[in-house]
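Keep in mind it's a predicted model, so treat the numbers as computed, not measured. Counting begins at 1 with the first residue of the sequence. Atoms within each ligand, like the ligands themselves, are counted from 1 in listed order.
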Amino acid sequence: MTERGNVYLQKSTKDKIEKFNKMRGKAVKSEEFWDLVVITAMDEDQRSAYEIQITDKLERKELPLGINYHVFADPPGCKIGNGGSTLHSLQCLHDKYGKSLSGFKVILIHAGGFSQRLPNASALGKIFTAFPLGNPLYQMLELKLAMYVDFPSHMKPGMLVTCSDDIELYSIPDQEFVVFDKPGFTALAHPSSLSIGTTHGVFVLEPAEVPTISDMQYRTCSQFLHKPTIERMRKSNAICKRKEEEFVYTDSTYYIDHSTAMTLLHIFSEISPLTCEVDAYGDFLQALGRRASVDYTENTANVTKKEKGLVEIRRKIFHRLKGTALNVILLNNSKFYHVGTTEEYLFHLTADPCLRAELGLMASAFSSFILEKTRVCVMHSILHPSVSVSEGSVVEYCRLDANVYVGSRSIISGSWIGTDLKVPSDTFMHSLSVNLDGSTGFVTVAFGVLDDLKKNVPRPADMKALSLFKRSLEDCVGLWGLCLEKVRFSGDASVCSLWNACIFPVCSDLKDSFQMSLKMVKALDGGNTFTLPKNTKLTSLQETLQSKNLEEMLKYRKGLYEDILRVNLSNSL
Ligand SMILES: Nc1nc2c(ncn2[C@@H]2O[C@H](COP(=O)(O)OP(=O)(O)OP(=O)(O)O)[C@@H](O)[C@H]2O)c(=O)[nH]1
Ligand SMILES: C[C@@H]1O[C@H](OP(=O)(O)O)[C@@H](O)[C@H](O)[C@@H]1O
């Protein structure tokens with residue numbers, strides 16, 4: 001992107017944020033905003049957690065008022081993916097609004113799933129991930145609504161489909177608008193490197209009627225490739241060139257008009273109840289365009305679980321959608337950010353100067369303490385003035401007592417860190433509240449920031465192959481004085497991973513919980529020894545989420561909120 005492009009991008013992003021800020025806590029006119037904001041959840045439990053948070057946000061005047069916010073849970077049973085959830089949400093909307101849906105502009109934000117790659121969002125949801133900007137503090141939901149704030153007034157009734165772990169920034173010429181008025185699908189497209197293209201959707205464009213270079217172009221797509229290899233991009237003519245530099249146009253968010261939404265609803269009636277994951281990108285967009293071919297339906301390389309019936313369902317979707325237009329809006333001065341892993345989260349919130357400048361991210365947002373450093377991120381937290389947070393780290397929803405030290409590239413979330421404690425670098429620690437036999441307990445999970453929570457082995461005896469803080473899990477449990485054979489994995493015993501390893505103590509106090517887990521972490525670097533007290537109840541992150549005490553976690557955040565307001569008020573006097 002040129003320097004001039006960058007200036008436009010920053011200005012345009014700032015304008016959108018300002019526009020959205022004016023809508024927060026105010027009743028909006030129907031023309032200027034969405035008629036319905038719909039968020040999807042994986043199950044009823046997640047739905048109620050999201051609903052409570054939306055209600056609290058409306059009360060705190062963090063969101064525009066006067067429109068309907070809905071949270072729809074996926075039906076019970078197998079995971080249906082964001083495509084299945086799109087279909088199910090359409091059904092819920094149709095059941096609720098009937099014919100009047102044909103007049104509504106809807107934004108559908110997918111937020112189901114465990115967020116295993118960004119586990120500080122597992123309990124309360126990725127869409128409620130805090131970002132260091134705004135007053136009141138933004139979460140991903142506000143960021144999405146702000147970045148798309150110009151869409152509803154230039155859109156025909158229909159639905160904008162988006163996920164909760166990506167952000168798109170764009171600028172277009174003054175007096176022009178992103179217009180969604182065409183039948184079929186209309187997707188936003190961003191110039192990206194070929195390597196980004198391998199992990200997202202890539203558009204193959206029909207030749208332009210009149211070749212022009214502009215910040216925004218309306219084009220047609222002949223084929224959509226999902227997570228293609230570079231070789232495939234080349235073979236399919238997906239690669240474009242500007243000043244000798246190769247790039248591809250990748251996907252993010254897309255719009256469907258009302259009549260296409262009804263086609264999807266019809267498809268749903270033919271394939272429900274769903275017994276497999278359907279992808280809103282791979283399974284819908286690959287069926288579109290003149291050159292779409294059924295071949296992809298057999299390719300299950302990108303599918304997490306290869307359930308029976310998947311290929312058949314994909315084929316049905318393909319045949320029903322074939323012939324539907326795939327329009328693309330090339331946003332040539334735009335950026336796509338994915339914030340769905342701990343690595344991406346740390347980079348964009350601390351190290352990345354681009355997103356910081358574009359969104360105006362702060363080092364310290366809605367917290368009791370202003371940090372001098374720029375490459376850190378403290379949000380919704382109370383820090384004693386003697387605290388030190390090293391560069392590259394994020395602290396959110398925490399209390400840090402006197403002389404606490406946090407090393408670099410660490411994530412601390414929802415915790416209370418007692419006086420004089422030192423958290424090593426590259427450490428992820430997240431405290432959660434649980435319901436235990438009628439009383440409240442606390443669990444602080446701890447991982448290396450780059451540990452893979454999804455990697456699994458078939459038997460507990462194979463835990464040597466799982467790596468925690470660069471040590472094998474087998475070594476770790478030995479260092480904590482645990483008997484190898486007694487280590488439990490919650491849930492499905494044939495899938496043993498860091499996600500379901502019952503290695504974290506349940507404590508009766510939040511501060512003690514952090515301290516005990518920190519001792520375990522420190523025992524792993526050889527510096528300190530630590531043996532878990534006999535009869536300590538141990539649990540996993542998976543099990544903790546199943547028995548999470550939502551009220552307690554939200555109460556803790558609310559307490560912090562009130563204390564921060566109080567501290568900041570007294571500091572300003
Ligand atoms: N409602 C619903 N949303 C989903 C489902 N699968 C994925 N999503 C959403 O689609 C988007 C992309 O999915 P992923 O990045 O795989 O989300 P995830 O499963 O939470 O991520 P990890 O556990 O970290 O791999 C996210 O916004 C998810 O919330 C689903 O089965 N139901
Ligand atoms: C924004 C979307 O991200 C998806 O990836 P995941 O978040 O599902 O990993 C891709 O699969 C889609 O093609 C699209 O790019």
Those protein residues which place at least one heavy atom below 4.0 Å from ligand 1
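Residues T40, A41, D74, K79, I80, G81, N82, S85, H110, A111, G112, G113, F114, S115, Q116, R117, K126, C163, S164, D165, K454 each place a heavy atom under 4.0 Å from ligand 1, listed by chain and number.
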What does the list of residues with a heavy atom under 4.0 Å from ligand 2 look like, ordered by chain and number?
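Within 4.0 Å of ligand 2, the protein residues are D165, H200, G201, H226, K227, D251, Y281, F336, H338.
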Apply side-chain hydrogen bond (donor to acceptor under 3.5 Å, both in side chains) to R219 and list each qualifying residue two or more places apart in sequence or on a separate chain.
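side-chain hydrogen bond (donor to acceptor under 3.5 Å, both in side chains) list for R219, sorted by chain: empty.
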Do the numbers put K227 on top of the ring of Y281, so that NZ or CZ is under 6.0 Å from the six-membered ring centre and no more than 45° off the axis?
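Judged by the rule, K227 and Y281 form no cation-pi pair.
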Does Y296 have R314 sitting over its ring (NZ/CZ under 6.0 Å from centre, angle to axis within 45°)?
no
Carboxylate-amine/guanidinium proximity below 4.0 Å for [X] and [Y]:
| X | Y | result |
| --- | --- | --- |
| E358 | K335 | yes |
| R242 | E245 | no |
| D74 | R47 | no |
| R409 | D426 | yes |

Do we see a donor-acceptor contact under 3.5 Å between the side chains of D257 and T260?
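Yes.
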Among all residues two or more places apart in sequence or in another chain, which pass the ring pair (Phe, Tyr, Trp, His ring centres under 6.0 Å) test with H319?
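Once residues adjacent in sequence are excluded, H319 has no partner under the ring pair (Phe, Tyr, Trp, His ring centres under 6.0 Å) criterion.
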